[in-house]
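What follows is a short report on a single structure.
All heavy atoms count here, side chains included; hydrogens, waters and symmetry mates do not.
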Amino acid sequence: MLGFEQRFAIGVDVGGTNIKAGIVRFDGDSAVIVEHAHYPTDALRSIEEFMQYVTVLSKKWCNRYPSVQSVGIGFPACVDWQSGLIFTPPNISWWNSQQFALSSELYHRLRLPVVVDNDANAAALAEYWLGVGRHWKTFLFVTLGTGVGGALILDGKLYRGDFGCAGEIGHLIINAQEPLDTVPYRTGVLERYVGRDAIIERARRISTDFPDSSLAVQCDSLDVEAIGHAALHGDKAAIAVIEETAEFLGIGLASAVALLGVAHIVVAGGIAGLPDRFFHAVERILRLRALPALAEKIEVVRSTLGNTAGMLGAALLAISPAR
């Protein structure tokens with residue numbers, strides 16, 4: 001149970017595609033986003049522009065809600081959450097610093113405490129306290145979007161590991177035969193097979209074999225939502241895309257389960273909006289490839305907080321970073 005007296009916090013969820021921010025009211029065991037905003041990540045061109053965006057938005061909300069006492073930010077990178085130091089994010093092209101003290105830089109502008117953590121860590125906390133994760137003490141949290149992130153709740157606590165980014169399932173190597181990329185640590189990893197760009201590229205490839213598919217018509221303007229919609233209406237190309245994506249994710253999850261021994265997996269992010277067929281296929285592959293002693297006990301569920309998990313988690317960090 002959260003058990004907070006009424007208080008407000010700002011939560012900023014930074015993604016590879018969009019930045020989502022909200023002013024969150026905590027009261028007892030509930031959390032409500034009372035205002036929110038979003039901005040395309042690629043519309044920014046520098047760290048300075050990012051800080052300006054957060055500063056202007058935060059000051060506006062602080063004027064409107066004077067009781068705001070802190071800001072939380074979930075960021076898609078390895079983060080030393082105690083110092084607020086961010087290391088190079090893999091999916092933000094304009095971020096040109098290998099290490100950046102975001103927490104202290106924003107504090108100087110806002111004169112408010114700023115807590116920064118990995119975005120999946122923040123979302124996992126929200127899922128544990130406010131979402132489907134309330135039912136379990138231990139689970140693996142997976143975010144599927146532009147990138148693929150992950151976090152671990154172990155025995156009721158967020159496990160960050162020695163470097164602040166434990167649970168990064170997107171960087172599991174699932175194809176060791178792939179030729180080394182110019183960025184070796186991203187070669188053959190799960191994110192390259194189930195991230196947003198990979199799914200769209202897969203749809204373009206598969207749709208060439210189905211000229212009557214709606215995916216072939218939309219080839220130059222495809223998005224994951226359209227693929228999911230087409231699959232719901234029986235489009236064979238879209239179904240093939242979902243099945244192939246699910247196979248890669250199921251393989252990655254089987255490796256994670258073997259290492260962690262978790263029985264529950266919560267999936268969030270934009271790609272989690274794919275139809276139930278996707279989740280059924282993931283579970284089928286996972287049970288096929290997992291250790292027999294674990295296979296039938298594993299449950300894969302969709303986040304109940306949806307795209308709000310990151311905002312809520314970041315705000316939760318802001319008022320109670322020790323969680």
Side-chain angles (χ1 to χ4, degrees), residues 10-22 38-47 49-51 53-54 71-81 83-103 105-106 114-127 140-152 158 160-161 163-172 183 185-186 189-199 224 252 266-272 303 305-318:
I10 294 170
V12 182
D13 178 25
V14 182
T17 302
N18 288 297
I19 298 169
K20 298 184 285 290
H38 66 88
Y39 197 77
T41 308
D42 283 346
L44 299 172
R45 297 181 181 177
S46 67
I47 297 173
E49 285 191 10
F50 169 72
M51 291 198 296
Y53 174 74
V54 174
V71 178
I73 299 177
F75 203 88
C78 287
V79 178
D80 181 337
W81 74 280
S83 68
L85 186 67
I86 288 178
F87 299 89
T88 309
N91 293 306
I92 298 181
S93 59
W94 44 261
W95 195 275
N96 59 2
S97 175
Q98 291 186 342
Q99 297 182 25
F100 188 80
L102 182 62
S103 179
E105 290 292 334
L106 282 174
V114 178
V115 180
V116 184
D117 204 343
N118 172 266
D119 59 336
N121 285 350
L125 272 179
E127 200 67 53
L140 171 65
F141 184 82
V142 180
T143 60
L144 300 178
T146 305
V148 177
L152 291 169
L158 177 63
R160 293 180 171 90
F163 306 104
C165 53
E168 285 289 358
I169 188 173
H171 288 275
L172 284 178
V183 185
Y185 73 89
R186 291 177 62 77
V189 299
L190 182 62
E191 182 172 290
R192 288 293 181 91
Y193 291 86
V194 300
R196 177 182 176 275
D197 290 346
I199 295 173
V224 174
V266 181
V267 182
I271 294 168
S303 162
L305 299 178
N307 288 330
T308 67
M311 276 188 289
L312 290 169
L316 185 58
L317 281 168

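Qualifying side-chain hydrogen bond (donor to acceptor under 3.5 Å, both in side chains) partners for Thr41, counting only residues two or more places apart in sequence or in other chains: none. Applying the side-chain contact (heavy atoms from CB on, under 4.5 Å) test to Pro90 and every residue at least two apart in sequence or in another chain returns His171, Tyr185, Arg186. With sequence neighbours excluded, no residue forms a side-chain hydrogen bond (donor to acceptor under 3.5 Å, both in side chains) with Thr308. Not counting sequence neighbours, Arg196 has no partner by the side-chain hydrogen bond (donor to acceptor under 3.5 Å, both in side chains) test. Asn118 pairs by the side-chain hydrogen bond (donor to acceptor under 3.5 Å, both in side chains) definition with Glu168, not counting sequence neighbours. With sequence neighbours excluded, the residues forming a ring pair (Phe, Tyr, Trp, His ring centres under 6.0 Å) with Tyr39 are Tyr53, listed by chain and number. Residues passing the side-chain contact (heavy atoms from CB on, under 4.5 Å) test with Leu172, sequence neighbours excluded: Ile169, Ser255, Ala256. When the side-chain contact (heavy atoms from CB on, under 4.5 Å) test is applied to Ala198, no partner is found at least two apart in sequence or on another chain. Applying the side-chain contact (heavy atoms from CB on, under 4.5 Å) test to Asp80 and every residue at least two apart in sequence or in another chain returns Gln82, Ser83, Leu85, Phe87. Applying the salt bridge (Lys or Arg N to Asp or Glu O under 4.0 Å) test to Asp119 and every residue at least two apart in sequence or in another chain returns nothing.
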Worked check of side-chain hydrogen bond (donor to acceptor under 3.5 Å, both in side chains) between Thr88 and Gln98: CA-CA 5 Å; Thr88 309; Gln98 291 186 342; 5.4 Å; no

Verdict with reasoning, Arg160 to Asp117, per salt bridge (charged side-chain N to carboxylate O under 4.0 Å, His left out): CA-CA 10 Å; Arg160 293 180 171 90; Asp117 204 343; 2.8 Å; yes

Verdict with supporting geometry, Leu140 and Val266, side-chain contact (heavy atoms from CB on, under 4.5 Å): CA-CA 6 Å; Leu140 171 65; Val266 181; over 6 Å; no

Audit row: Phe75, Trp95, ring pair (Phe, Tyr, Trp, His ring centres under 6.0 Å) steps and yes/no: CA-CA 12 Å; Phe75 203 88; Trp95 195 275; 4.8 Å; yes

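Shown here for Ala122 and Leu317, the closest heavy-atom pair between the two residues is CB-CD1, 3.7 Å. A pairwise comparison of heavy atoms in Gly150 and Thr143 identifies N-OG1, 4.4 Å as the closest pair. Contact detail for Gly145 and Ile271: the closest heavy-atom pair is O-CD1, 3.4 Å. For Asp13 against Met311, the heavy-atom pair with the smallest separation is CB-N, 3.7 Å. Between Gly164 and Asn121 the shortest heavy-atom distance is O-ND2, 3.3 Å. Shown here for Gly149 and Ala120, the closest heavy-atom pair between the two residues is C-CB, 4.2 Å.
For the atom pair CG of Asn96 and CD1 of Ile47, the computed distance is 5.0 Å after rounding to the nearest 0.5 Å. Residue Leu102 holds its CG atom at 7.0 Å from CE of Met51, rounded to the nearest 0.5 Å. Between the CZ atom of Phe141 and the CD atom of Glu127 there is a distance of 5.5 Å, given to the nearest 0.5 Å.
Between the Trp94 side chain and the Leu44 main chain, a donor and an acceptor come within less than 3.5 Å of each other.
Side-chain contact check for Ile199 versus Tyr193: every heavy-atom pair is 4.5 Å or farther apart. Two residues are said to be in side-chain contact when any heavy atoms from C-beta on lie closer than 4.5 Å; Leu106 and Val71 fail this criterion. The shortest distance between side-chain heavy atoms of Ile92 and Pro76 falls below 4.5 Å.
The side chain to side chain contact (heavy atoms under 4.5 Å, CB included) test with Ser103 is passed by exactly one of Ile73, Ile86, Val114: Val114.
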